Structures are given as C-alpha cells and as structure tokens.
**Student:** 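The following block contains the structure, expressed as structure tokens.
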Amino acid sequence: MEYSCKDFKVGKCEGEKVVDGESMPLVLHPQEPNKSDLESLLLALKTNKDWFEQMIIKNSAVLLRGFDVKNAQDFNEIVEAFGWDDIRYVGPAPRTHVYKRVWTANEGPLSEFIYYHHEMVLISEYPKKVILFCEVPPPEGGQTPFVPSFKITERMLEEFPEAVEEMDSKGLKYSFTALSKNDTASMRGRGWEDAFGTSDRAEAEKRCKALGMDLEWQPDGSVKTVLGPRALTKVFDGRKGRRMWFNTVVGMHGKEISSACMADGTEIPKNVVKRCEEIIEDESIQFKWEKGDVLFLDNLAVLHGRRPSMPPRKVLVATCK
C-alpha cells in the first residue's frame with residue numbers, strides 16, 4: 001500500500017529515520033492549508049480509516065502535524081473516529097482520567113527519564129495502539145522517543161545469540177513492588193488500590209490472577225507482584241515475520257523495586273542487559289513535540305519512553321485494542 005492519499009500530504013520532521021525502507025514516523029500534514037480544521041481531519045480519517053491503519057502497521061508510527069487539535073475533547077474525537085475498542089491501562093504509572101477515553105500520560109516528575117517499553121507488555125491483554133496528543137509542548141526536552149523493536153532483536157542476536165535463545169526458550173520472570181498509596185513524586189508511584197481498582201485485598205488478588213500475576217503482601221502495606229513466564233520476543237501477524245523485542249528486561253533488571261530473570265531463576269548476565277540498553281538508545285528515534293501533534297504508535301512494533309523535560313509539558317494518551 002502506497003503512502004499517497006488525497007486527504008493528507010506527507011512531510012518530514014526533525015529526528016525522523018528511515019528504517020528498513022520505512023519512514024519513522026510517517027508525518028502527515030493537511031493536504032491544503034484550509035483543511036487543517038478538526039472537522040476536515042475527522043472526515044479524512046473516517047474516509048481513509050483502512051489506509052491509515054495500514055500506515056500505522058507499515059511505518060510503526062504515524063504523526064499528524066499541522067492540524068487544529070486543541071484539547072482532550074478534540075483528541076477524543078480523533079480516537080473515536082476509528083472505532084477501535086478501548087483498553088484500560090494497568091500498570092505502575094500515575095495517571096488521571098481527563099475525558100472519555102483520554103488520560104494523562106505518566107504524571108511522574110518531568111525531571112526523570114521514563115524508560116523505553118511496550119505499553120502493558122507484561123499483561124495478558126495489551127493495547128495494539130498507543131495514541132498520544134501534545135496539548136502543551138515542553139520548552140526544552142520532553143520528547144517521546146520510540147524504538148523499532150525488531151532492530152533490537154536483530155542486533156542482540158548478532159552479539160549474544162546464545163543468551164537470546166536461552167532467554168527465549170526459558171521465558172522470563174519479573175517482580176515489581178506496588179506502593180500502598182499513590183505517590184506522584186515517583187514515575188512508578190501508582191498504589192495497588194488505584195492500579196487494581198479496589199481497596200479489597202481478596203478482590204485485588206482475584207484481579208491479579210486474571211491478569212496473570214501472583215501477589216505477595218508486604219508488611220508496609222505494599223504488594224509485590226510476580227509475573228512469569230513471559231516471552232522475550234514475539235512475532236505478530238502482518239509485520240513481516242519480525243521478532244519483536246517484546247519484553248522489559250532492561251527497564252526492570254536489577255532495580256530497587258523490580259527485578260527480571262529467566263523463568264527458572266537463572267540470572268541474566270549484567271553485560272547482556274547493559275549492551276541491550278546501549279543498543280536500544282542507539283536505535284531510538286527522537287522528534288520534538290509541537291502543539292496539536294497526534295502520534296499513533298504500533299504498540300506491537302515499537303517501544304516508547306519519555307525524555308526529561310522542563311515544565312510545562314502536557315501530553316495526553318489513549319490506548320486501543
């Protein structure tokens with residue numbers, strides 16, 4: 001399927017890369033200056049829904065830029081134009097509901113780097129698409145970098161073929177400790193009651209089981225979640241048979257409140273994790289947010305994160321099946 005579409009004009013943005021012949025992100029502008037209003041955009045999206053979804057899969061990231069998208073209400077209309085089912089966020093990031101299907105992105109301190117991840121990668125049901133809207137661009141920093149996941153697998157197989165295949169065959173086990181109450185001073189500060197939508201421990205355990213987790217209650221009221229086995233890589237339909245680096249080994253290995261090892265308890269060599277971290281950063285794609293930007297990410301194909309930022313910065317998010 002070609003890039004051409006009568007309702008959009010393909011553009012460029014700073015930081016864009018060509019990966020395996022595809023532009024990441026694919027930048028789409030209004031075809032005509034007088035077609036930048038929300039009504040024209042919604043009509044174009046609905047008219048070209050199948051083409052647009054194919055572009056998300058083909059390029060892994062599509063950036064709408066130059067359209068008059070002002071607020072959460074406008075953003076929600078864009079999300080709903082496609083008819084994709086909503087999926088509720090489950091995870092440690094502190095977030096606030098804003099409007100209908102729209103939430104704040106991670107509200108942890110802007111001074112901290114949010115490490116690259118596939119959204120809800122450890123949960124049995126994860127979103128296929130992550131959609132981000134920039135309402136207030138940061139004056140400095142604050143990019144949402146993303147990484148083509150298959151490139152990480154390719155390079156890790158080149159350098160550590162035995163370690164990669166051992167982790168893939170054994171699977172991975174993770175642990176994470178959720179706080180007793182929300183702490184917005186931490187980018188992983190979501191308390192277990194908020195995370196599981198209940199203050200009842202028995203109900204929390206039931207909901208955890210449904211998500212494929214085990215719980216261990218801690219004396220201070222926090223809860224340790226244990227997940228595994230989980231895959232190291234995955235292959236998804238329609239993405240050229242690529243092995244995606246669909247895990248969070250680097251983000252959780254050896255941290256104060258989290259861990260990652262092989263499912264049988266074998267430790268993952270530190271040098272393997274360190275080199276993977278370097279490869280992920282080397283393959284990352286950066287672009288500077290502009291007001292009104294809407295970024296569609298194929299969550300099955302790219303990891304994303306958040307660079308440290310000067311305030312103010314307001315990026316909203318919706319997740320879809």
Side-chain angles (χ1 to χ4, degrees), residues 17 19-20 60 91-93 106 108 112-124 126 145-178 186-188 211-216 218 222-236 239-286 299-308:
K17 285 185 181 180
V19 181
D20 199 20
S60 301
N106 192 319
E112 294 188 36
F113 174 46
I114 298 174
Y115 196 70
Y116 302 99
H117 58 283
H118 290 275
E119 198 70 18
M120 293 164 56
V121 65
L122 301 182
I123 308 302
S124 54
Y126 34 78
F146 58 91
V147 186
S149 195
F150 78 95
K151 292 295 294 182
I152 307 166
T153 308
E154 284 183 354
R155 292 184 59 177
M156 288 295 289
L157 280 169
E158 289 174 0
E159 297 190 30
F160 304 101
E162 293 181 1
V164 170
E165 298 301 358
E166 183 182 9
M167 286 188 283
D168 227 356
S169 62
K170 289 182 176 179
L172 302 169
K173 181 171 70 174
Y174 303 90
S175 72
F176 180 82
T177 301
S186 169
M187 64 180 182
R188 288 182 168 183
L211 295 168
M213 304 180 193
D214 291 319
L215 291 188
E216 297 176 8
Q218 306 300 303
S222 63
V223 59
K224 181 179 180 180
T225 58
V226 181
L227 309 92
R230 293 290 188 270
L232 179 78
T233 67
K234 285 193 175 186
V235 177
F236 297 102
R239 290 158 181 86
K240 302 182 180 180
R242 293 163 167 168
R243 286 174 69 179
M244 303 299 182
W245 192 255
F246 206 71
N247 64 75
T248 184
V249 166
V250 176
M252 294 182 70
H253 182 271
K255 304 298 191 295
E256 183 179 352
I257 60 173
S258 66
S259 69
C261 63
M262 296 184 215
D264 66 356
T266 304
E267 288 296 324
I268 302 169
K270 291 182 180 179
N271 68 307
V272 173
V273 178
K274 178 63 177 176
R275 181 59 184 144
C276 185
E277 182 177 9
E278 294 170 351
I279 289 171
I280 289 172
E281 189 58 53
D282 185 50
E283 294 290 342
S284 67
I285 297 167
Q286 321 283 331
N299 190 49
L300 307 186
V302 295
L303 306 92
H304 68 280
R306 187 196 72 190
R307 291 285 185 209

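No hydrogens, no waters, no symmetry mates; every other heavy atom, side chains included, goes into these values. Quick caveat: nothing in here was measured; it's all calculated off a predicted structure.
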**Student:** Is there a donor-acceptor pair under 3.5 Å between the side chain of His304 and the backbone N or O of His118?
**Tutor:**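 A pair under 3.5 Å: no.
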**Student:** Drop me the distance from Met213's CE to Ser124's OG, to the nearest 0.5 angstrom.
**Tutor:**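 Result: 8.5 Å between the selected atoms.
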**Student:** Less than 4.5 Å apart, side chain to side chain, heavy atoms only: is that true for Met262 and Ile268?
**Tutor:** yes
**Student:** Between Arg307 and Glu281, is the salt bridge (charged side-chain N to carboxylate O under 4.0 Å, His left out) condition met? List the steps.
**Tutor:** CA-CA 12 Å; Arg307 291 285 185 209; Glu281 189 58 53; 2.3 Å; yes
**Student:** Search all heavy atoms of Arg306 against all heavy atoms of Phe113 and return the closest pair with its distance.
**Tutor:** O-CD1, 2.8 Å
**Student:** Relative to Phe150, does Arg243 satisfy both conditions: NZ or CZ under 6.0 angstrom from the six-membered ring centre, and within 45 degrees of the ring's axis?
**Tutor:** no
**Student:** Counting distance only, does the side-chain N/O of Glu216 pair as donor-acceptor with the main-chain N or O of Asp214 below 3.5 Å?
**Tutor:** no
**Student:** Can you name the nearest heavy-atom pair linking Val250 to Val273, along with the distance?
**Tutor:**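 Scanning both residues completely, I find the closest heavy atoms to be CG2-O, 3.9 Å.
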**Student:** Are the charged groups of Arg155 and Glu158 less than 4.0 angstrom apart, N to O?
**Tutor:** no
**Student:** Taking NZ in Lys170 as the centre, count heavy atoms belonging to other residues, nucleotides or ligands within less than 6.0 Å. Is the count above 12?
**Tutor:**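 More than 12 heavy atoms, drawn from other residues, nucleotides or ligands, come within 6.0 Å of this atom.
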**Student:** Measuring from Trp245:CH2 to Tyr116:OH, what's the distance to the nearest 0.5 Å?
**Tutor:** 16.0 Å
**Student:** Please report the closest heavy-atom contact between Ala163 and Val272, naming both atoms and the distance.
**Tutor:**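 Minimum heavy-atom contact is CB-CG2, 4.2 Å.
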**Student:** Looking at Met244, is its backbone amide N or carbonyl O close enough to the side chain of Ser149 to form a donor-acceptor pair, meaning the two atoms are under 3.5 Å apart?
**Tutor:**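 No; judged by distance alone, with no hydrogens or angles, the pair does not exist.
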**Student:** Can you tell me if Lys17 has over 12 outside heavy atoms packed within less than 6.0 Å of its NZ?
**Tutor:** yes
